[in-house]
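Have a look at the structure below, then the notes.
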Amino acid sequence: MTQAPKLVDTPAELRRTLRALQMGGARVALVPTMGALHEGHLDLVRQAKALAEKVVVSIFVNPTQFAPNEDFSRYPRTLERDVELLTQVGADFVYVPAAADMYPSGFTTQIVLEGPAQGLESTFRPHFFSGVAIVVSKLFLQSGADFALFGEKDYQQLKVVTRLARDLDIPIEIVPGPTTREPDGLALSSRNRYLTPEERATAPVIARALITAADAIRTGHTPVDAAAQARKTIAAAGLKVDYVEARHAETLAPLAEPGEPIRLLAAAWLGKTRLIDNIPV
Ligand code: PAF
């Protein structure tokens, strides 16, 4: 019988517990989440278990990465179900800090990001990466984890966090996890549960358009043309497109030279739900 993960809810207890395990030789992997867990998160936990002796999953809906007009208040909070799922996959700890511990009164620190944080998501959600950077830095420092796993579904976030840990010498290895998809190609996301049945049927158009664009680039079309065609396809299905872009797969800079590694990235609104996806070329 699998055991429920131990619930930890203060930074002091997290640090004390994990440090004691590390002193005994265990490596610790952290999977940062905002809860409303799905199979994509569970795949990250499985991957974490293969890397480290102890796995901690943090659940914190981080207010600073939402703009006032975004879905912070309606973001799904499903702690009981999340703990059941984490029990099934054998997570050791679930860390659920209070907002007052993450952002004590008088909190004023900001992190300014450039490089991979520029453009794409930042054009449409300018507050987003500074909020993510603060919360993940705190989670890294509070946990002292050896590894942190981030899904490639949020590809720009993965690149920003990898750069952040390197730039600030935070002694943690950032490990990417492949995007988990529904059988029809839709990338799993906690926000998919906002979709109506009709929208859910339409949503895979983003993944399909990106796959077609990647094929087009491989067969000689320019990345700019292929991305423009994908944008048209997604818009024709009734979505409001924020961006479809081909970028350098590592730096996320605009493409400059032939032969650079390419990642196609897209974000679009389907009704009231914003979906993002990306694929390698
Ligand atoms: O990807 C997410 O769920 C969040 O952005 C993260 C990394 C947990 C930070 O709040």
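Please read all numbers here as calculations on a predicted model, not as lab measurements. Note that ligands are numbered from 1 as they come in the structure, with each ligand's atoms numbered from 1 the same way. In what follows, every heavy atom counts, from backbone to side chain, and hydrogens, waters and symmetry copies are set aside.
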Q | NZ or CZ of Arg27 within 45° of Phe147 ring axis and under 6.0 Å | A | no
Open item on the list: Before you tell me yes or no, could you show the steps for Phe128 and Val160 under side chain to side chain contact (heavy atoms under 4.5 Å, CB included), namely the whole-Å CA-CA distance, both residues' side-chain angles and the distance that decides it to 0.1 Å?
Closed with: CA-CA 11 Å; Phe128 177 67; Val160 168; over 6 Å; no
Ranking Gln157, Met34, Gln65 by closest non-hydrogen atom to atom 9 (C) of ligand 1, top hit is Gln65
Report yes or no: is the cationic atom of Arg200 (NZ for Lys, CZ for Arg) closer than 6.0 Å to the six-membered ring centre of Tyr194, at no more than 45° off its axis? no
Has ligand 1 got any nitrogen or oxygen that is less than 3.5 angstrom from a nitrogen or oxygen of Thr33?
no
Quick note on ligand 1: atoms under 4.0 Å from a heavy atom of Val135 include exactly 9 (C), 10 (O)
Nearest heavy-atom approach of Lys49 to Val89 is CD-O, 3.1 Å
Taking only non-hydrogen atoms of Phe150 and a 4.0 Å limit, the atoms of ligand 1 in range are 7 (C)
